[in-house]
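Before any comments, here is the structure.
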Amino acid sequence: MDEKYYPEKIEEKWQQHWETTGAFRVERDDQRPKFYCLEMLPYPSGFLHMGHVRVYSIGDALAWYKRLRGFNVLHPIGWDSFGQPAEQAAIKRGVQPGAWTEENIAHMRGQLKRLGVSYDWRREIAAHRPDYYKWDQWFFLKMHERGLAYKRTSPVNWCPNEQTVLSNEQSSGGVCWRCGAAVEKKDLDQWFIRITEYAEQLINDMAEIEAGWPERVLTMQRNWIGRSVGAYIDFPIKDTPAKVRVFTTRVDTVYGANAIVLAAEHPLLSELLEGSSLKADVDRFAERVRASRAARASNAAAPGEEEEKEGVNTGLFAVNPFSGEQLPVWVANYVLMDYGAGAVMSVPAHDERDFEFAQRYSLPVRRVIERISHEQEQIAHDERELDQSLAMKHAFTDYGILVNSGEWSGKLSEVAIPEMARYAEEQGFGGGAVTYRLRDWGISRQRFWGAPIPIIYCDGCGAVPVPEKDLPVVLPERAAFTGAGESPLASVAEFVNTTCPKCGKPARRETDTMDTFVDSSWYFFRYCDPHNERAAFDPATVKYWTPVDRYVGGIEHAVMHLLYTRFWTKLMRDIGIVSFNEPVRNLTTQGMVVAETFYREDGEKKSYFNPSEVNIERDDKGRVISARLVGDGSSVTIGPFEKMSKSTNNGVDPDEMIRAYGADAVRLFMLFAAPVENDLRWQETGIEGAVRFLRRVYTFVWRWHESLQDAPQKSAPAHDQFSAAARTLRHETHRAIARVTEGFERMSYNTNVAALMELSNALGDFQVVPEQATPAERFAVLEAFESLVLMLAPFTPHAAEEMWESLGHAGGILAGVREGRVRWPQLDEALARREELEIPVQVNGKLRGRIRATLDTAEDELRAAALADEKVRAWTDGHEVVQIVVVPRRLVNIVVR
RNA sequence: GCCGGAGUGGCGAAAUCGGUAUACGCACUAGACUCAAAAUCUAGCGAGGUUAACUCCUCAUGGGGGUUCGAUUCCCCCCUCCGGCACCA
């Protein structure tokens with residue numbers, strides 16, 4: 001141990017030690033409890049950013065903690081290495097995507113090692129390597145076998161910028177999840193995965209993870225899946241054998257229907273209107289709706305506004321199977337083909353959209369629900385009229401009591417809904433039904449850099465799956481990278497041309513590749529058994545390690561990745577290779593790393609300055625008053641804190657920070673500065689504080705480490721051997737152990753670091769000179785140091801290792817744990833408790849005095865002491881004491897009148 | 001519009017059982033050390049008032065109301081910010 005703290009030196013030393021001793025390697029061990037600690041794998045862009053540093057610091061802290069608690073910890077990392085940027089690099093600079101990707105991985109691996117993250121690197125996986133994507137293809141075949149992968153032509157989400165298809169999840173809000181471009185609709189023949197088959201399970205199984213996942217994520221998934229309970233009703237079309245199926249959540253309002261409204265793309269339309277004079281009108285209208293939707297999509301910058309409701313009467317009539325009434329059939333732009341049945345019954349009195357539509361086209365409004373409670377809004381209506389279109393100003397959408405509804409009149413909505421659905425079923429014209437907003441997952445991508453979809457097209461045999469024995473279908477090294485909207489693979493003749501596995505005749509390969517979210521749907525299972533050549537993984541090995549005990553990653557994957565991987569797990573369960581429903585027990589979504597922005601406005605656009613180029617000036621209260629450039633002292637505008645990015649020039653390079661302050665300080669600051677879920681404000685002064693703290697602890701250890709060589713180690717000296725100062729120190733030590741241990745259980749890292757700082761402050765307050773310390777004092781100091789250092793290991797592993805060694809322990813912390821010599825500091829609850837208490841005394845709830853007490857001062861003693869206290873008496877004298885509340889060990893409250 | 005989450009010093013935050021509001025850190029102020037600066041160390045640091053006195057008082061956890069001996073914490077209403085969804089029948 002050097003006298004001074006040289007982070008660079010000790011970090012290199014311990015990284016080397018970990019590497020050569022294989023400190024972080026793990027194997028399955030049925031004798032020990034396992035813990036699977038997982039962070040979302042990065043895309044190998046080439047450079048680690050601060051957001052990465054944050055996730056991996058969070059995960060690593062937990063991994064270290066669990067190891068120190070005796071768990072067999074699986075803590076792996078890999079690369080989400082298929083995807084757009086590699087292909088962009090190929091288009092722009094002509095590099096080969098594979099080589100570009102491997103170089104990036106090599107660089108980032110080095111960065112992660114310099115951060116000192118405790119991965120078992122032997123388990124590293126990368127999505128773009130054939131030994132990995134072979135199994136993507138295998139899973140695809142399994143789904144194909146089960147009818148869960150299918151091809152269909154349908155309007156899909158098309159990103160004009162990236163020239164490829166996106167899934168619904170990736171184009172949520174009408175914009176591309178990656179580049180933000182407005183998404184267009186395009187008709188393409190695409191492969192889909194039948195995730196909707198699992199919609200019900202995806203909703204129901206949330207019960208299993210509710211306790212461990214953020215409410216926010218579950219809510220987002222629930223909304224996305226959009227389960228809706230209602231009924232189908234078939235309305236016969238007059239004078240034809242056809243029926244129009246309608247989905248509604250409000251069968252109870254069926255007597256109020258004034259029309260049946262179809263989506264413009266409804267397949268029945270062309271059939272029913274054959275030969276009708278109105279066909280041309282309807283076709284023209286459908287075309288307009290399509291055009292206007294496309295226009296709105298490309299104009300996604302200004303969303304929000306709902307489109308004006310428009311429709312056209314088809315001249316057809318439908319028969320309400322409940323009432324026998326004839327209803328006109330309309331086509332309207334507000335009915336969506338891909339939700340429910342693509343058709344609705346319009347009930348303007350009780351649905352706002354239908355109301356708006358009815359007003360626009362002067363359709364009758366019939367009230368069939370009456371309020372049941374005076375807390376509900378009074379529905380304006382005209383008793384003399386059946387049509388309320390003049391009286392009602394808006395729809396009444398609450399449940400209530402049925403009126404004007406034939407035999408159902410007088411029933412409550414809640415009662416009528418299931419009864420009417422059952423009736424429809426008995427009569428054969430409908431029945432109860434559940435629909436979902438979730439649609440099937442489109443996985444075809446017109447890209448090169450992804451896993452080829454293992455399908456061969458044969459003129460004779462159709463779409464034939466590639467036989468398992470022929471996997472993987474390997475990507476060629478090169479292709480013509482034009483950036484145009486067709487898969488580059490299509491131009492690689494030796495890839496495309498093959499023979500049909502069935503008939504042996506010449507055939508062509510599928511040239512689309514799979515969505516990269518396929519790769520990440522199951523990657524953490526592969527970590528358990530990463531080199532298996534015969535299977536995606538060995539089920540028994542996976543059974544030991546999974547499910548993931550804690551998963552850390554960004555909120556941006558709340559719906560996409562986290563929904564897909566839940567689905568994939570259920571699929572693997574159905575194949576029989578996994579034995580549970582949910583892959584992730586506990587989920588942590590960390591906040592963004594944000595930094596101050598500085599800019600100057602030159603006319604229209606802002607030019608941004610990096611925080612390192614700016615000096616901040618403050619007033620004497622510490623408030624920021626201005627910012628000036630380091631170079632010329634000219635002033636710049638202080639902008640808000642924003643996510644670190646190139647466009648706002650507020651990024652900070654992790655490597656530079658590690659070089660300046662050390663990996664430990666960077667990590668410590670990241671975990672201390674904010675709770676894990678919050679956004680984290682990057683502040684260089686904050687990281688300086690972290691170094692200051694580490695240096696202080698290090699200095700304390702240096703000052704004491706020789707005197708501690710002969711400290712009593714095995715058992716604590718008797719209580720009366722300890723000086724008052726030593727007793728205080730021991731109390732602080734055990735209080736910190738209690739707090740930090742508890743903090744780890746709820747991922748409260750910021751308070752954990754605070755507790756460790758307090759312990760270090762307590763060591764600073766311990767003024768005994770090392771050489772003059774009594775054996776008992778040495779014991780107390782050693783106990784404090786050992787506890788502090790071990791509890792620091794999850795946050796600053798290099799510094800902890802160095803100090804642990806200088807406290808007389810050879811071989812590294814984890815070797816000690818493995819050999820049973822080292823374990824997480826043991827809490828002595830008696831020591832953690834305060835010996836003497838200060839009990840606050842309130843009068844009428846306001847703090848008026850304090851009395852001294854011990855842990856077992858009796859209630860009546862506390863009461864008497866409180867009443868006798870001089871300061872308290874100033875508030876009670878002359879008043880009548882009405883009540884005295886005594887909370888032992890906590891407080892006394894005297895109520896006076 | 002609907003559904004979530006949050007609002008506490010100059011700033012990041014703490015108080016997970018309804019019991020001393022502001023732990024810990026940053027920034028700031030003063031002092032020590034120094035020729036000087038940095039670093040380090042020591043002390044102070046919610047607002048306002050008050051005292052010979054670090055004495056004591058009042059107010060303060062977005063605003064208003066409620067429950068309670070006692071509310072940052074529980075309940076109701078409102079405001080603001082952030083996020084998700086957005087004609088989903």
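Sequence lines set the chain letters: A, B, ... in the order given, protein chains first and strands last, and positions in each chain run from 1.
- Sorted by first and then second residue, the salt bridge (charged side-chain N to carboxylate O under 4.0 Å, His left out) pairs with a member in residues 251-263 of chain A read A:Arg250-A:Asp252; sequence neighbours excluded.
- The gap from the P atom of B:rC28 to that of B:rC11 amounts to 15 Å, rounded to the nearest Å.
- Atom CZ of A:Phe641 is separated from atom P of B:rC81 by 20 Å (rounded to the nearest Å).
- Rounded to whole Å, the P atom of B:rC74 lies 11 Å from the corresponding atom of B:rG19.
- OP1 or OP2 of B:rU40 has at least one side-chain nitrogen or oxygen of A:Arg695 nearer than 4.0 Å.
- Both A:Gly340 and A:Arg746 lie close to RNA chain B; mapped to their nearest nucleotides by heavy-atom distance, the more 5′-ward contact belongs to A:Arg746.
- Taking the six-membered ring where the residue is Trp, A:Trp330 and A:Tyr361 present tilted rings, their angle falling between 30° and 60°.
- Atoms CG (A:Asn678) and P (B:rU8) sit 12 Å apart, rounded to a whole Å.
- Between A:Asp679 atom CG and B:rC82 atom P the separation is 12 Å, expressed in whole Å.
- A:Asn223 has its CG atom 10 Å from the P atom of B:rC3, to the nearest Å.
- In summary, the side chains of A:Gln170 and A:Arg178 do not present any donor paired with an acceptor at a separation below 3.5 Å, with no hydrogens or angles considered.
- For the residue pair A:Ser171 and A:Asn157, a side-chain donor N or O sits within less than 3.5 Å of a side-chain acceptor on the partner.
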### Criterion salt bridge (charged side-chain N to carboxylate O under 4.0 Å, His left out) on A:Glu265 and A:Arg290, from CA distance to verdict
CA-CA 9 Å; A:Glu265 311 91 327; A:Arg290 207 166 306 141; 5.5 Å; no
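- Taking 4.0 angstrom as the limit, A:Trp875 places a side-chain polar atom (N or O) nearer than this to OP1 or OP2 of B:rC57.
- Of the C1' atoms belonging to B:rC81 and B:rU20, the separation is 32 Å, rounded to the nearest Å.
- Residue whose closest nucleotide on RNA chain B sits further toward the 5' end, between A:Asn844 and A:Leu336: A:Asn844.
- In this structure, CE in A:Met757 is found 9.5 Å from CG in A:Leu792, a value given to the nearest 0.5 Å.
- Ring centers of A:Tyr334 and A:Phe357: under 6.0 Å apart, within the cut-off.
- For A:Ile233 and B:rA89, the CD1 to P distance is 15 Å, given to the nearest whole Å.
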### Message
Apply side chain to side chain donor-acceptor pair (under 3.5 Å) to residues A:Arg696 and A:Asn761 and explain how you reach the verdict.
### Response
CA-CA 9 Å; A:Arg696 256 211 330 268; A:Asn761 291 345; 3.2 Å; yes
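- Among the heavy atoms of the strands, none lies under 4.0 Å from A:Pro214.
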Side chains of residues 224-233 of chain A: which donor-acceptor partners sit under 3.5 Å, not counting sequence neighbours?
from	atom 1	to	atom 2	distance (Å)
A:Trp224	NE1	A:Glu169	OE2	2.8
A:Arg227	NE	A:Glu200	OE1	3.0
A:Arg227	NE	A:Glu200	OE2	3.3
A:Arg227	NH2	A:Glu200	OE2	3.1

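- The CH2 atom of A:Trp213 sits 5.5 Å away from the CD atom of A:Gln221 when rounded to the nearest 0.5 Å.
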Give me, pair by pair, the N or O atoms of the protein and of nucleotides 59-64 of chain B that are less than 3.5 Å apart, along with how far apart they are.
from	atom 1	to	atom 2	distance (Å)
B:rC59	OP2	A:Lys846	NZ	2.9

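- When the P atom is compared between B:rC3 and B:rC77, the two are found 12 Å apart, to the nearest whole Å.
- Nucleotide B:rG65 is shown with an anti base, its glycosidic torsion being more than 90° from 0.
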### Message
Walk along nucleotides 17-34 of chain B from 5' to 3' and tag each nucleotide B, S or - by protein heavy-atom contact under 4.0 Å, base first, then sugar-phosphate.
### Response
--BB--BBSSSSS-----
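- A gap of 43 Å separates the C1' atoms of B:rA27 and B:rA86, to the nearest Å.
- For the OP1/OP2 pair of B:rA89 and a distance below 4.0 Å, the side-chain nitrogens and oxygens of A:Ser228 include at least one atom meeting the criterion.
- For A:Thr219, counting side-chain heavy atoms from C-beta on, the closest listed nucleotide (B:rC56, B:rG4, B:rC57) is B:rG4.
- A:Leu668 has its CG atom 17 Å from the P atom of B:rA13, to the nearest Å.
- Side-chain contact annotation: A:Glu617 with A:Ser626, donor-acceptor N/O pair under 3.5 Å present.
- Between the CG atom of A:Asn752 and the P atom of B:rA14 there is a distance of 12 Å, rounded to whole Å.
- Distance from the side chain of A:Arg216 is smallest to B:rG83 among B:rC56, B:rC69, B:rG83.
- If you take atom C1' in B:rC17 and the same atom in B:rU68, they sit 16 Å apart, rounded to whole Å.
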### Task
Just do the ring pair (Phe, Tyr, Trp, His ring centres under 6.0 Å) check on A:Phe795 and A:Phe744 with the steps written out, would you?
CA-CA 11 Å; A:Phe795 304 99; A:Phe744 265 108; 5.6 Å; yes
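- Using a 4.0 Å heavy-atom distance criterion, A:Val344 is classed as a base contact.
- Using a 4.0 Å heavy-atom cutoff across all strands shown, A:Arg437 reaches at least one base atom of the nucleic acid.
- Nucleotides B:rG18 and B:rA13 have their C1' atoms positioned 22 Å apart, rounded to a whole Å.
- Rounded to the nearest Å, the gap between the P atom of B:rC78 and that of B:rG25 is 42 Å.
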### Query
Reading RNA chain B 5' to 3', how would its secondary structure be written in dot-bracket notation, given Watson-Crick and G-U pairs with both distances under 3.5 Å, brackets [ ] for crossing pairs and | for partners on other strands?
(((((((..(((......[....))).(((((.......))))).((((......))))..(((((..]....))))))))))))....
Only distances under 3.5 Å count here; give the side-chain donor-acceptor pairs of residues 676-692 of chain A to other protein atoms, sequence neighbours excluded, each with its distance to 0.1 Å.
from	atom 1	to	atom 2	distance (Å)
A:Asp679	OD1	A:Met592	N	3.0
A:Glu684	OE2	A:Tyr661	OH	2.8

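- Residue A:Val261 is out of contact with every strand shown, counting any heavy-atom pair closer than 4.0 Å.
- Residue A:Lys871 is classed as a sugar-phosphate contact, given heavy-atom separations below 4.0 Å to backbone atoms only.
- Using modelled atom types, one finds no donor on one side chain facing an acceptor on the other under 3.5 Å when comparing A:Thr597 with A:Asn650.
- When the C1' atom of B:rC87 is taken as reference, atom NZ of A:Lys309 falls 5 Å away, rounded to whole Å.
- Using a 4.0 Å heavy-atom criterion, one finds that A:Arg227 contacts no nucleic acid atom at all.
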